[in-house]
Amino acid sequence: MSLEKEAAEGSVQITYGISEDTCPFFKIEERGNLTIYKMNFKSLSGLHLFLNENPVVNNNIFYTLRSEKGSEKFAGAPLFEAIGYLIGGYLKDFEMFVKLKKEIDKVNIKYENTRKVRPSVVGSRPNVPAFIAGAPKTMYRVDRAKEKRFVDIYINIAYDNNTTEAQIRNRGILVLNLVKLLESHDYGVNLKVFEACMVGGEAFCATVGLKQPGELLNEKKCYYPMCGKEFLRRIMARVKESMPFKENWHMSYGQVLNESQTRIIMDIPEDAIFINSPKDMDILGENIYEDADRFLDKINLTKEIEVPRYAESNKEE
């Protein structure tokens with residue numbers, strides 16, 4: 001029996017999803033013939049709060065829920081566990097993630113942008129050991145810190161079905177490494193993950209903040225949304241199922257947008273760093289050092305900061 005027929009007979013109540021009035025994270029925009037449904041979560045805690053309240057499902061469009069019915073082989077742990085990971089942490093293969101990240105961090109040590117101390121006759125601070133030893137230059141100064149700049153990093157968590165777990169893992173490692181590189185060059189980093197897609201004349205985008213400028217980088221917190229398939233295939237699916245869509249999203253759950261379309265729909269500025277799927281970022285998931293070089297070449301930061309050559313440095317060691 002169809003959902004419409006059941007509703008007509010009074011056995012099923014048709015619901016149409018959330019509204020701007022009832023959800024503080026939600027906003028609808030009309031741009032020409034396109035309707036954009038936007039969800040903006042400042043943190044994983046905000047996303048957990050939204051899902052933990054079991055938001056109403058748009059069962060006029062979603063007859064069955066992929067967030068619940070998806071197989072564990074495809075979508076990972078069940079939905080209730082996936083929601084719990086938002087605040088409890090996700091540990092599947094996390095030790096391997098940390099181990100490989102430490103290998104990349106070793107290359108960064110020689111490139112760290114530390115404040116240089118120079119001897120001087122006049123300066124801001126006395127060098128007591130030098131004075132006692134009778135050295136001619138008994139003062140030192142510390143170079144003035146550069147003015148802090150800020151950059152936004154947007155990570156598209158969508159990827160092709162043939163993307164390997166190693167590719168996804170390596171991209172996560174390299175994103176966190178990128179944050180450290182930028183911060184070592186006096187950048188404040190605003191880090192977000194997102195999904196953006198469309199069906200017909202409707203577009204959907206959801207962003208989740210992982211780190212703000214001045215906030216310490218939390219590897220464990222970033223790991224789940226960047227590497228856990230449950231985040232994309234359970235969590236984001238459940239968010240979509242609450243959208244007041246009118247087009248038929250039930251079959252595909254949306255066609256992934258390209259970078260230029262996404263930047264327009266999400267109002268991402270040109271100077272923001274856009275990190276797409278592992279394949280689009282030339283990450284193969286094999287040699288982490290070679291992946292790092294290709295990834296940073298793709299972003300093209302050499303005009304802004306000093307970028308290590310990871311494969312070369314690894315061979316030297």
Side-chain angles (χ1 to χ4, degrees), residues 44 74-76 85 89-108 151-183 187 189-197 205-211 217-236 256-259 262-263 266 268 272-301 305 307-311 314:
L44 291 177
F74 174 77
Y85 293 150
Y90 180 77
L91 297 177
K92 183 178 182 294
D93 299 326
F94 183 61
E95 289 186 6
M96 175 61 72
F97 181 88
V98 172
K99 180 180 179 181
L100 287 174
K101 185 180 179 300
K102 286 181 179 178
E103 293 300 314
I104 287 293
D105 288 342
K106 291 178 183 178
V107 179
N108 291 336
V151 63
D152 294 322
I153 300 178
Y154 288 83
I155 310 163
N156 184 2
I157 61 173
Y159 47 80
D160 297 335
N161 288 337
N162 59 358
T163 304
T164 67
E165 291 184 0
Q167 285 177 287
I168 298 167
R169 177 201 64 213
N170 282 9
R171 183 183 66 170
I173 292 169
L174 298 178
V175 167
L176 298 188
N177 181 58
L178 172 63
V179 172
K180 291 191 68 174
L181 281 176
L182 289 167
E183 289 185 331
Y187 278 89
V189 177
N190 190 20
L191 183 65
K192 299 180 180 181
V193 293
F194 75 90
E195 185 187 6
C197 51
C205 58
T207 59
V208 183
L210 299 183
K211 181 191 179 303
L217 184 64
N218 186 326
E219 297 177 358
K220 188 176 180 182
K221 181 175 74 172
C222 296
Y223 178 63
Y224 180 37
M226 291 196 301
C227 299
K229 61 184 178 182
E230 291 89 344
F231 191 87
L232 175 64
R233 295 171 176 171
R234 301 266 192 218
I235 298 297
M236 283 300 174
V256 177
L257 303 175
N258 61 35
E259 178 178 345
T262 302
R263 282 185 181 270
M266 295 181 57
I268 298 176
I273 297 175
F274 189 99
I275 297 176
N276 223 329
S277 69
K279 178 182 177 181
D280 290 334
M281 303 309 296
D282 295 332
I283 296 172
L284 304 182
E286 297 170 0
N287 186 304
I288 185 68
Y289 302 99
E290 294 175 1
D291 275 350
D293 288 339
R294 287 190 295 266
F295 172 77
L296 290 169
D297 286 343
K298 191 80 174 183
I299 296 174
N300 190 26
L301 291 177
I305 66 173
V307 177
R309 300 305 298 178
Y310 289 89
N314 183 51

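Put simply, OH on Tyr85 and CZ on Arg234 are 10.5 Å apart, with the number rounded to the nearest 0.5 Å. With rounding to the nearest 0.5 angstrom, the CD atom of Glu165 is 12.0 Å from the CG atom of Asn170. A distance of 9.5 Å separates CD in Glu219 from CD1 in Ile173, rounded to the nearest 0.5 Å. Separation of atoms CD1 (Ile168) and CG (Asp93) is listed at 11.0 Å; rounding is to 0.5 Å. Between Ile155 atom CD1 and Leu191 atom CG the span is 4.0 Å, to the nearest 0.5 Å. The distance from atom CG of Leu174 to atom CZ of Arg169, rounded to the nearest 0.5 Å, is 10.0 Å.
Aromatic rings from Tyr224 and Phe94 are positioned such that their centres are separated by 6.0 Å or more.
Using a 4.5 Å heavy-atom cutoff, the side chains of Lys101 and Lys180 are in contact. In this structure, the side chains of Tyr187 and Ile305 come closer than 4.5 Å at one or more pairs of heavy atoms. Contact of the Arg294 side chain with the Leu284 side chain is registered, since non-hydrogen atoms from C-beta on lie closer than 4.5 Å. Residues Lys211 and Asn218 fail the side-chain proximity criterion, which asks for heavy atoms closer than 4.5 Å. Looking at heavy atoms from C-beta onward, Phe194 lies out of side-chain contact with Cys205 at the 4.5 angstrom threshold. For the pair Ile273 and Leu301, the minimum side-chain heavy-atom distance is below 4.5 Å. Met281 has its side chain within reach of Ile299: a pair of non-hydrogen atoms, C-beta onward, lies under 4.5 Å apart.
Residues Cys227 and Phe97 come closest through the heavy atom pair SG-CE1, 3.8 Å. Residues Leu232 and Ala158 come closest through the heavy atom pair CD2-CA, 4.1 Å. The two atoms that bring Pro278 and Thr163 nearest to each other are CG-CG2, 4.0 Å, heavy atoms only. Lys220 and Gly89 get closest at one heavy-atom pair: CE-CA, 4.3 Å. Pairing each heavy atom of Pro225 with each of Phe231, the nearest pair is CA-CG, 3.6 Å. For Ile157 against Tyr159, the heavy-atom pair with the smallest separation is O-CD2, 3.1 Å.
In this structure, Arg171 contributes its side chain and Ile275 its backbone to no donor-acceptor pair below 3.5 Å. Between the side chain of Gln167 and the main chain of Ile283, a donor-acceptor pair closer than 3.5 Å is present. Side chain of Arg233 to main chain of Gly76: no donor-acceptor pair is present (N/O by atom type, distance under 3.5 Å, no hydrogens or angles).
Between Tyr223 and Tyr90, the two ring planes are tilted [angle within 30° to 60°].
Listed by first and then second residue, the side-chain hydrogen bond (donor to acceptor under 3.5 Å, both in side chains) pairs that reach into residues 273-282 are Asn156-Asn276, Ser277-Asp280, sequence neighbours excluded.
Residue Tyr310 forms a side-chain hydrogen bond (donor to acceptor under 3.5 Å, both in side chains) with just one option from Asp291, Asn177, Asp293, and that option is Asn177.
With sequence neighbours excluded, no residue satisfies salt bridge (charged side-chain N to carboxylate O under 4.0 Å, His left out) with Lys229.
Taking a cutoff of 4.0 Å between a charged side-chain nitrogen and a carboxylate oxygen, Lys106 and Glu103 qualify as a salt bridge. The existence of a salt bridge linking Lys99 and Glu95 is excluded, since no basic side-chain nitrogen approaches an acidic carboxylate oxygen closer than 4.0 Å.
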